[in-house]
Structures are given as structure tokens and as C-alpha cells.
There are 2 protein chains.
Amino acid sequence: MKLTTKGRYAVTAMLDLALHGGQGPVTLADISARQEISLSYLEQLFSRLRRRELVISIRGPGGGYHLSRSAASIYIAEVVDAVSESLDTTRCGNKGDFQNGEKCLTHHLWSDLSDQIHQFLSGISLGDLMQRHEIRQVADRQNRRQAEGDSDTINTERLIDQAPA
Amino acid sequence: MKLTTKGRYAVTAMLDLALHGGQGPVTLADISARQEISLSYLEQLFSRLRRRELVISIRGPGGGYHLSRSAASIYIAEVVDAVSESLDTTRCGNKGDFQNGEKCLTHHLWSDLSDQIHQFLSGISLGDLMQRHEIRQVADRQNRRQAEGDSDTINTERLIDQAPA
DNA sequence: GAATACTTGACTGAATTACTTGGTCAATTC
DNA sequence: GAATTGACCAAGTAATTCAGTCAAGTATTC
């Protein structure tokens with residue numbers, strides 16, 4: 001399990017797709033403009049996301065990408081894995097001697113941890129992130145209303161589009 | 001929150017320290033030999049670990065490093081943070097225009113996730129990792145014993161030194 | 001004061017990341 | 001059916017990070 005800016009870009013782009021995928025396909029050019037990620041870099045990332053069948057592409061005018069499933073059933077671990085292409089470099093020789101046994105021990109401890117992180121990210125979907133954030137935002141808004149004295153025109157702040165259920 | 005091989009090296013080295021710290025300080029040369037990490041790279045990592053007061057160095061002959069606290073109270077997130085030096089690059093301009101609002105939204109969603117990962121790793125200590133692994137290993141051993149017919153000399157497999165409580 | 005062992009900083013090759021350029025191919029629109 | 005749109009593909013490149021080297025130190029013990 002590796003977690004770099006590359007994974008962040010991928011998750012961010014997928015979130016953008018989830019947020020705007022309501023009315024038809026979204027072009028990479030749009031995502032590029034909104035998220036300020038270079039178009040060609042997005043192409044590379046989406047090439048992998050498509051191969052892992054996390055997104056579906058539609059070519060030609062009016063085309064673009066959309067999620068292959070609902071945002072609620074696409075998990076962060078899948079997205080990160082898709083672009084990380086982990087070659088599993090942490091393979092210990094397993095020579096059986098003492099020195100190597102020592103190394104294998106700590107290596108296994110790390111593996112355990114890595115598995116736990118992976119499992120953790122496998123439990124969080126794009127939909128979860130959107131929903132949790134929205135819930136928190138609603139709570140914030142209510143707090144602010146109470147503090148500011150129940151102004152009712154605050155609804156224009158709503159930026160989140162309708163996500164597909 | 002970033003999770004690269006650098007963090008893995010740091011955690012691995014700290015685990016080595018926790019495993020061998022029972023009888024006096026451990027030299028980086030020892031860790032280097034056991035974990036096959038270059039000595040100079042370890043020096044760089046431990047420079048940061050020391051500045052964050054996760055380890056204590058003892059100079060001169062017979063010197064080395066030991067954990068500043070018990071393994072049970074040093075958390076993975078601390079170790080990773082110490083060597084990652086996160087400069088918090090994900091700062092959005094906050095210009096207030098629509099385009100930027102879009103960017104900030106996904107950015108915040110990612111921040112939420114990052115916080116969750118951080119919190120997760122803040123809940124796991126070096127001691128936890130060692131203990132969980134040992135428990136699993138004991139279970140494995142018992143299973144194997146049952147399968148192999150209760151051989152009792154299997155105790156020599158025990159590689160884990162006594163860690164300071 | 002000689003040997004040991006950590007400390008610091010500057011420097012370097014290799015790998016990865018992020019991005020660019022310049023195309024090709026498929027679907028739509030006029 | 002030619003132009004347009006936007007996905008797809010393959011090099012190549014700049015910037016950054018990783019991992020390791022080298023060469024000074026400074027502190028401690030014998």
C-alpha cells in the first residue's frame with residue numbers, strides 16, 4: 001500500500017466525476033479545468049482507471065467518462081491501487097539464516113500494518129466521503145445559523161450536485 | 001498524510017529498535033545490518049526521529065539509540081510524520097470564485113480522508129504491531145502443533161526479544 | 001589523546017512524479 | 001463526407017523525491 005500525491009490526484013478526479021456525473025459523461029478537459037490537473041496526466045490516470053473498470057469512457061462529441069458503478073460502491077483502495085500499480089517490492093529472500101529471519105520479522109510486521117491500512121481504505125467509498133462531508137457541512141450551517149440568527153438565504157451556498165444514488 | 005517507502009523504512013527501523021532495545025542502546029550499524037538499510041540513510045531518518053523526540057541518542061562507545069518511550073506509546077502516525085516532513089502543499093487559493101470553489105470542495109473531501117487515515121495510524125503503536133503479530137504467530141504455532149502432532153521443541157522458533165514494558 | 005560512535009551538511013545517481021508534445025482513432029454534427 | 005470533439009496512445013522531459021555516498025565535525029570512553 002502506497003499513498004502518494006498520485007493517489008490523491010486519482011481520488012480527487014474520481015470525486016469530481018462522482019459530483020458531476022449526474023447529467024451525462026464528463027470530459028477530462030472539464031475535470032482538468034476544475035481540479036487544475038494537467039489534461040495529459042489525467043489521461044494517463046484514467047487509462048488505468050478504465051483498465052480496472054472503475055470508469056467507462058464514451059468517445060466522440062458529447063462523450064467523456066462516467067463511473068462504472070455508483071459512487072457508494074467504489075472504494076478508495078480500488079482507486080489508489082489502480083494508479084499505484086504496486087509491484088510488491090517487499091519480498092524477502094527467505095534464506096532461512098538468522099540475519100534474514102530478523103529482516104523477515106520486521107517485514108511481516110510492516111505487512112500486517114499495510115494490510116490494515118488497505119482494509120481501512122477498502123471500507124470507505126467515494127459516496128461515503130461525499131455524504132460525510134455533506135452531513136458535516138449541514139451541521140456547520142446549522143451552527144452558523146444559530147450563531148447568526150437564522151438567516152434563511154444561506155441555501156445558495158450549496159455547491160454539491162445531485163449524486164447518483 | 002503521505003505513505004511512501006521512506007515511512008516504511010522509518011517504521012521498520014523503529015520496530016527493530018523496539019525489538020532489540022531491551023539490553024542497552026542499539027547502534028545504527030546493527031539496524032543497518034539486520035534490516036539491510038544503508039547506514040547513512042538511517043542516519044538521516046534518525047536525525048528527524050531524534051528531533052521529534054521519538055528516540056534518544058547516546059554518544060560515544062557503547063552508545064546508540066533507544067526509544068524515548070515505551071513501544072506501546074509510540075504511534076505509527078508519529079513515526080511517519082517525523083520523516084515525511086509534510087509541508088502541507090494542498091493549500092487552495094480560496095479566491096472565492098466558482099472554479100476555485102469546485103476545487104476546494106474535492107480538496108476538502110480529500111482532507112477529510114487524509115485526516116481519517118492519520119487518525120487510524122494514530123491508534124496503532126509499535127507495541128500493538130509486535131503484540132498482534134506475536135498473538136497471530138502463537139495461534140499459527142498452535143495450529144501447526146495440532147497438525148503435526150504436538151512436537152514440543154518448537155519453542156526455539158521464538159525470535160522476539162523481551163520488549164520493555 | 002586515540003578510538004569509538006553519533007552529528008551534520010553537502011552532494012549525487014536513480015527512480016518516480018507530473019507534465020508536454022504530437023499524434024491516432026471513433027463518434028457525432030453540420 | 002469533412003470538420004469537430006474527445007478518448008486513446010507513445011515518446012520524451014522537467015522537477016521532485018528516494019536512497020546512498022563522502023567528508024567534515026563533536027562528544028564520550030578507555
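Just so we're on the same page: letters track the sequence lines, and every chain starts at 1.
- Here ring-ring contact (aromatic ring centres under 6.0 Å, His included) pairs that include residues 45-65 of chain A, with residues two or more places apart or in two chains, are Phe46(A)-Tyr65(A).
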Report, one pair per line, the protein and nucleotides 22-27 of chain C atoms (nitrogen or oxygen only) whose separation is under 3.5 Å.
unit_1, atom_1, unit_2, atom_2, d
dC25(C), O2, Arg59(A), NH2, 2.9

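- For Asp30(A), there are no salt bridge (charged side-chain N to carboxylate O under 4.0 Å, His left out) partners, not counting sequence neighbours.
- Under the ring pair (Phe, Tyr, Trp, His ring centres under 6.0 Å) criterion, Tyr75(A) pairs with no residue, sequence neighbours left out.
- Side-chain atoms of Thr12(A) come within 3.5 Å of backbone N or O of Arg8(A) as a donor-acceptor pair.
- Under the side-chain contact (heavy atoms from CB on, under 4.5 Å) criterion, Arg59(A) pairs with no residue, sequence neighbours left out.
- The phosphate of dC19(C) has neither OP1 nor OP2 within less than 4.0 Å of any side-chain N or O from Tyr41(A).
- Partners of Arg69(A) according to the salt bridge (charged side-chain N to carboxylate O under 4.0 Å, His left out) rule, which considers only residues two or more places apart in sequence or in another chain, are Glu78(A).
- By the side-chain contact (heavy atoms from CB on, under 4.5 Å) test, Glu53(B) pairs with no residue at all, sequence neighbours left out.
- Distances shown here put every side-chain N or O of Arg8(A) at or beyond 4.0 Å from the OP1 or OP2 atom of dA18(C).
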Measure all distances between protein nitrogen or oxygen atoms and nitrogen or oxygen atoms of nucleotides 12-15 of chain C, and list the pairs falling under 3.5 Å.
none

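- Contacts of Leu39(B) with the nucleic acid, taken as non-hydrogen atoms under 4.0 Å apart, are absent.
- Legend: residues meeting side-chain hydrogen bond (donor to acceptor under 3.5 Å, both in side chains) with Ser73(B), ordered by chain and number and at least two apart, are Ser70(B).
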Secondary structure of DNA chain D in dot-bracket form (Watson-Crick or G-U wobble, distances below 3.5 Å, | marking inter-strand pairs): ||||||||||||||||||||||||||||||

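- For Asp115(B), the side-chain contact (heavy atoms from CB on, under 4.5 Å) criterion is met by no residue, not counting sequence neighbours.
- Scanning for side-chain contact (heavy atoms from CB on, under 4.5 Å) contacts around Tyr41(A) gives Lys6(A), Tyr9(A), Ile37(A), Ser38(A), Gln44(A), Leu45(A), with sequence neighbours left out.
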